[in-house]
Amino acid sequence: MADQVRFELVSPERLELATDVEMVVVPGVEGDFGVLPGHMPLISTIRPGVIAVFRDGKVAERIFVEGGFAEVTPESCTVLAEHAKPVAELDQAKAAQAVQDAKEDVEDAKDDETRQEASKALEVAEARLAAAAEPSPY
Amino acid sequence: MPNLKDLKVRINSVKSTQKITSAMKMVAAAKLRRAQEQAEAARPYAERMERVLGSLAASMAGIEGAPALLAGTGKDQVHLVVVMTSDRGLCGGFNGSIVRGARKHIRDLKSAGKSVKILSVGRKGSDQLRREFAGDMIGTIEDVGKPRLSFEAAEKIASRVRHMFDHGEFDICTVIYNKFKSAISQIVTYQQLIPFSVGGAANENADAQLAQYEYEPDEGAILADLLPRNIGMQVYRALLENAASEQGARMTAMDNATRNAGEMINKLTITYNRTRQANITKELIEIISGAEAV
């Protein structure tokens, strides 16, 4: 249908999701962007965050991704993410623990390289906690 | 004349061997199907990655300041060879053919005056390569596909490779694995991982289509983000192909073994029956000639 956009979420292990949706909001590195039918072609990298899928004027699904990239055409939006999980399956306590651990890792890091890696992990952990804790902003 | 009892024992032992090989064949067939499904599931990701990367790389190639993973270090002195084999044996010529291919590749590199580092994935390959190239081995990774081949496992290998590259420990990285063609045929494949080779990924069609894309943040940044991801993906793909090949090879090998055992059982049974018959005849002759003598 013309008023819908094909949304595909692909991880290396499988095709996670492939549906027709009204709109999908993707957390791009330079800010969230919504994809409606007829969006201009775009390739963007994604920061850790939540992808929101809209159907019937409501958020139908919220999926947490740990980064990846998105390919948008006027008819479709394909997100390639290495790790994807529905927000409902995230465990807040575990996420908080992961943030704690990641913070300690950053403090314990001895050289720049490990610190960089650790802070990247921290970023992911914080985004996951935020996703688990907050209700949908839409 | 062979002893009847010995023959019986022999037949029974071959029979139990046959049972084991036919069970292994069935297990391998089931695992093969799973491995193929997994490889199938990884295809959409790989295809899209390849499409985007192919045209991005083509537009960036040769441009000053392209990421090192694409442009290379400008040298080709030190080669890293990642050899993928299995942890377990009894899979026909599977490991043998990879190791043979790897050996040839390494010898060729060495005779061209390059230095080689070997990273072995899988126990079998490292055992065999260690004999000749003990000094060049930099590590062995075992138990990759346990309990299930996951992307994380591939990512771990990839990050090790990336780490080494970032520290300038090698210039070119090649992966050697068995590509799955069918259960009876696997092809030893050499794939260059670093620097990324554009290859046939970017056909003209994709180019024309991708030319209209907007990039966010920009081409260079996206490429820098994608290339490391791609290495993980390529390693994952190679591991998947290898796992399917291993099970395919094992299935064929066990099928042959089962058939051979069957033939052997037939032959032994014939010998057994002939011997039994001969014994009976002999006893009859003894009785008859005994009776005649009276």
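Bear in mind the structure is a predicted one, so any value in this text is a computation, not a measurement.
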Chemist: So, for B:G125 and B:S120, which heavy atoms are closest and what is the spacing to 0.1 Å?
Modeler: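 Looking at all heavy atoms of both residues, the shortest contact is C-OG, 4.0 Å.
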
Chemist: Within residues 224-237 of chain B, which residues come under 4.5 Å of chain A, heavy atom to heavy atom?
Modeler: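 Checking residues 224-237 of chain B against chain A gives B:D225, B:L226, B:R229, B:M233, B:Y236.
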
Chemist: For B:N95, give me all partners under side-chain hydrogen bond (donor to acceptor under 3.5 Å, both in side chains), at least two apart in sequence or on another chain.
Modeler: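 In terms of side-chain hydrogen bond (donor to acceptor under 3.5 Å, both in side chains), with neighbours along the sequence ignored, B:N95 is linked to B:S86.
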
Chemist: Quick one: which of A:G28, A:S11, A:P12 has the most heavy-atom pairs under 4.5 Å with chain B, could you say?
Modeler: A:P12

Chemist: The test is salt bridge (Lys or Arg N to Asp or Glu O under 4.0 Å); show your working for A:D20 and A:R6 and say whether it passes.
Modeler: CA-CA 4 Å; A:D20 290 319; A:R6 179 90 187 150; 3.6 Å; yes

Chemist: Looking at A:E75 and A:V5, what are the two nearest heavy atoms and their distance?
Modeler: O-CG2, 3.5 Å

Chemist: Taking side-chain hydrogen bond (donor to acceptor under 3.5 Å, both in side chains) as the test, write out the residues that go with A:E61, two or more places apart.
Modeler: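 A:E61 satisfies side-chain hydrogen bond (donor to acceptor under 3.5 Å, both in side chains) with A:R55 once adjacent residues are dropped.
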
Chemist: Does the side chain of B:I222 come within less than 4.5 Å of A:F69's, by heavy atoms?
Modeler: no

Chemist: For the residue pair B:H105 and B:Y190, is the inter-centroid distance of their aromatic rings smaller than 6.0 Å?
Modeler: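 Close enough - the centres of the two rings lie under 6.0 Å apart.
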
Chemist: Given the options B:E37, B:E40, B:H163, which has more heavy-atom pairs under 4.5 Å with chain A than any of the others?
Modeler: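 Highest number of pairs under 4.5 Å: B:H163.
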
Chemist: Kindly indicate whether the side chain of B:D171, heavy atoms from C-beta on, has any atom under 4.5 Å from the side chain of B:H79.
Modeler: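 B:D171 does not reach B:H79 side chain to side chain.
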
Chemist: Does a salt bridge link B:E50 with B:R48, judged by any charged N lying under 4.0 Å from a carboxylate O?
Modeler: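 Salt bridge: no.
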
Chemist: How about A:L17 and A:F7: do any of their side-chain heavy atoms sit closer than 4.5 Å?
Modeler: yes

Chemist: Would you please go through residues 78-102 of chain A and name the residues with a non-hydrogen atom below 4.5 Å from one of chain B, in numerical order?
Modeler: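 Under the 4.5 Å heavy-atom cut-off, A:T78, A:L80, A:A81, A:E82, A:H83 qualify.
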
